[in-house]
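Okay, structure first, notes after.
Letters A, B, ... are given to chains in the order of the sequence lines, protein chains preceding strands, and every chain is numbered from 1.
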Protein chains: 2
Amino acid sequence: MKNLARTPNDIGHAIRQARKAKKLTQKELAERSGVWQETISKVENGLSGTKLETVFDIFAALDLEILVQGRSKGSAESFEDIF
Amino acid sequence: MKNLARTPNDIGHAIRQARKAKKLTQKELAERSGVWQETISKVENGLSGTKLETVFDIFAALDLEILVQGRSKGSAESFEDIF
DNA sequence: TATATTTATGCGCCATAGATCATAATCAAT
DNA sequence: ATTGATTATGATCTATGGCGCATAAATATA
């Protein structure tokens, strides 16, 4: 699973997708990540003010990591179309 | 340039590295990103509560994006050693 | 070494994230 | 349609990020 992200909304989508892929409810993810279910809901819906730490706590619980890279030119649009 | 990130600190390092690669001062990056120089200093130093939006504003100014992926097992340690 | 430039940090203010709780709204199963 | 499960949202409270300013501290340059 790879999701390109350039906005908090993209991050939210990636998290939701990964969570569903693992067949977890937000509550279960909450328990694993130490973040409240209510908070996870907001993050998944793209809350722009979300704290970086919160995102990484969730990522850890979903066994995700991120790769920071230069923007891929040209392929970015088509890449986003896939997801 | 690719940096694996699992913590706010990793993100800060990636940002600083990219900024230096482009030979920008924090002030110049601040002007480009619309984020205050003082804030950039904190972000680069791994402020855990950094807002996601702030990170993406900086990324946009540095022409960076992120790829959310499953954790690479085994290779993670050696990968981090490189950066 | 002296000077210039860049980065880090203190301060006050305001908006808000996250916690915590409750529950309305939505979705899924029957 | 009804019931159960899941997600979204409102309310309150505390801590804090980012702004905006100033400037100390660190780094770079001459």
Side-chain angles (χ1 to χ4, degrees), chain A residues 1 3-66 68 70-71 80 83, chain B residues 1 3-66 68 70-71 80 83:
Chain A
M1 184 213 87
N3 289 63
L4 210 42
R6 294 174 171 175
T7 68
N9 218 40
D10 293 337
I11 291 286
H13 285 148
I15 285 173
R16 179 167 284 163
Q17 188 178 345
R19 176 173 64 79
K20 291 188 173 183
K22 288 173 179 289
K23 302 198 193 310
L24 297 174
T25 61
Q26 289 184 345
K27 182 170 181 191
E28 286 164 334
L29 177 56
E31 286 159 2
R32 293 183 180 201
S33 59
V35 177
W36 278 64
Q37 175 268 317
E38 297 86 334
T39 301
I40 289 176
S41 180
K42 290 172 185 169
V43 172
E44 288 191 353
N45 283 293
L47 183 65
S48 63
T50 299
K51 282 160 61 180
L52 207 48
E53 176 182 32
T54 302
V55 170
F56 279 118
D57 287 343
I58 295 173
F59 276 177
L62 289 172
D63 215 24
L64 294 174
E65 71 192 357
I66 64 177
V68 181
R71 292 198 172 193
E80 276 179 342
F83 306 102
Chain B
M1 184 213 88
N3 291 63
L4 208 43
R6 295 174 171 175
T7 67
N9 216 42
D10 294 337
I11 290 287
H13 285 149
I15 285 173
R16 179 166 284 162
Q17 187 179 346
R19 174 173 64 80
K20 291 190 172 182
K22 289 174 180 288
K23 302 197 193 312
L24 298 174
T25 60
Q26 289 184 344
K27 183 172 181 188
E28 287 165 333
L29 177 56
E31 287 159 2
R32 292 182 181 207
S33 60
V35 177
W36 278 65
Q37 176 269 316
E38 297 86 332
T39 301
I40 288 176
S41 179
K42 289 172 186 169
V43 172
E44 287 191 351
N45 282 293
L47 183 65
S48 63
T50 300
K51 281 160 58 180
L52 207 49
E53 176 182 36
T54 302
V55 170
F56 279 117
D57 287 341
I58 295 171
F59 277 177
L62 290 172
D63 214 25
L64 294 174
E65 72 192 356
I66 64 176
V68 182
R71 292 199 173 194
E80 278 183 338
F83 305 103

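- Within residues 19-30 of chain A, the residues having any heavy atom under 4.0 Å from DNA chain D are, by residue number, A:Arg19, A:Thr25, A:Gln26.
- Note: B:Phe56 CZ to A:Asp10 CG = 6.5 Å, rounded to the nearest 0.5 Å.
- Within the structure, side chain to side chain donor-acceptor pair (under 3.5 Å) pairs that include any residue of residues 45-61 of chain B do not occur (at least two apart or interchain).
- The separation between B:Ile40 atom CD1 and C:dT9 atom P is 16 Å, rounded to whole Å.
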Checklist entry - Could you go step by step and tell me if B:Lys22 and B:Asp63 meet the side chain to side chain contact (heavy atoms under 4.5 Å, CB included) rule? => result CA-CA 10 Å; B:Lys22 289 174 180 288; B:Asp63 214 25; 4.3 Å; yes

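- The side-chain heavy atoms of B:Ile66 and A:Ile11, taken from C-beta on, include a pair separated by under 4.5 Å.
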Check nucleotides 12-18 of chain D against the protein and report each pair of N or O atoms closer than 3.5 Å, with its distance, or say if there are none.
{"from": "D:dG18", "atom 1": "OP1", "to": "B:Lys51", "atom 2": "N", "distance (Å)": "2.8"}
{"from": "D:dG18", "atom 1": "OP1", "to": "B:Thr54", "atom 2": "OG1", "distance (Å)": "2.7"}

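- Partners of B:Leu64 according to the side-chain contact (heavy atoms from CB on, under 4.5 Å) rule, which considers only residues two or more places apart in sequence or in another chain, are A:Val68, B:Met1, B:Ala18, B:Phe59, B:Leu62.
- Rounding to the nearest 0.5 angstrom, the gap separating the CD atom in B:Glu65 from the OG1 atom in A:Thr7 is 11.5 Å.
- The interatomic distance linking A:Ile11 (CD1) with C:dA17 (C1') rounds to 17 Å, in whole Å.
- Between the CG atom in A:Asn3 and the CD atom in A:Gln17 there is a gap of 4.5 Å [rounded to 0.5 Å].
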Could you write out each protein N or O paired with an N or O of nucleotides 22-29 of chain C at a distance under 3.5 Å?
{"from": "C:dA22", "atom 1": "N6", "to": "A:Glu38", "atom 2": "OE2", "distance (Å)": "3.2"}

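- Looking at A:Thr39, its side chain never comes within 3.5 Å of a backbone N or O of A:Val35 through a donor-acceptor pair.
- The CD1 atom of A:Ile40 sits 13.0 Å away from the CG atom of A:Leu47 when rounded to the nearest 0.5 Å.
- In terms of phosphate contacts, B:Arg16 brings no side-chain nitrogen or oxygen within less than 4.0 Å of OP1 or OP2 of C:dT6.
- Using a 4.0 Å cut-off, no side-chain N or O of B:Ser41 falls inside it from OP1 or OP2 of C:dT7.
- At C:dA8, one or more side-chain N or O atoms of B:Asn45 fall inside 4.0 Å of OP1 or OP2 (strictly under the cut-off).
- Regarding B:Glu31, its CD atom lies at a distance of 14 Å from the P atom of D:dC19, rounded to whole Å.
- For A:Gln37, the side-chain hydrogen bond (donor to acceptor under 3.5 Å, both in side chains) partners two or more places apart in sequence, or in a different chain, are A:Gln26.
- Applying the salt bridge (Lys or Arg N to Asp or Glu O under 4.0 Å) rule to A:Glu44 yields the partners A:Arg16, A:Arg19; only residues at least two apart in sequence or on another chain are considered.
- For the helix from C:dT1-D:dA30 to C:dT30-D:dA1, the terminal axes (five pairs an end, C1' atoms, rotation from four pairs onto the next four) enclose an angle of 70°, given to 10 degrees.
- A search for side-chain contact (heavy atoms from CB on, under 4.5 Å) contacts involving B:Glu28 returns B:Leu24, B:Thr25, not counting sequence neighbours.
- A distance of 10.0 Å separates CH2 in A:Trp36 from NZ in A:Lys27, rounded to the nearest 0.5 Å.
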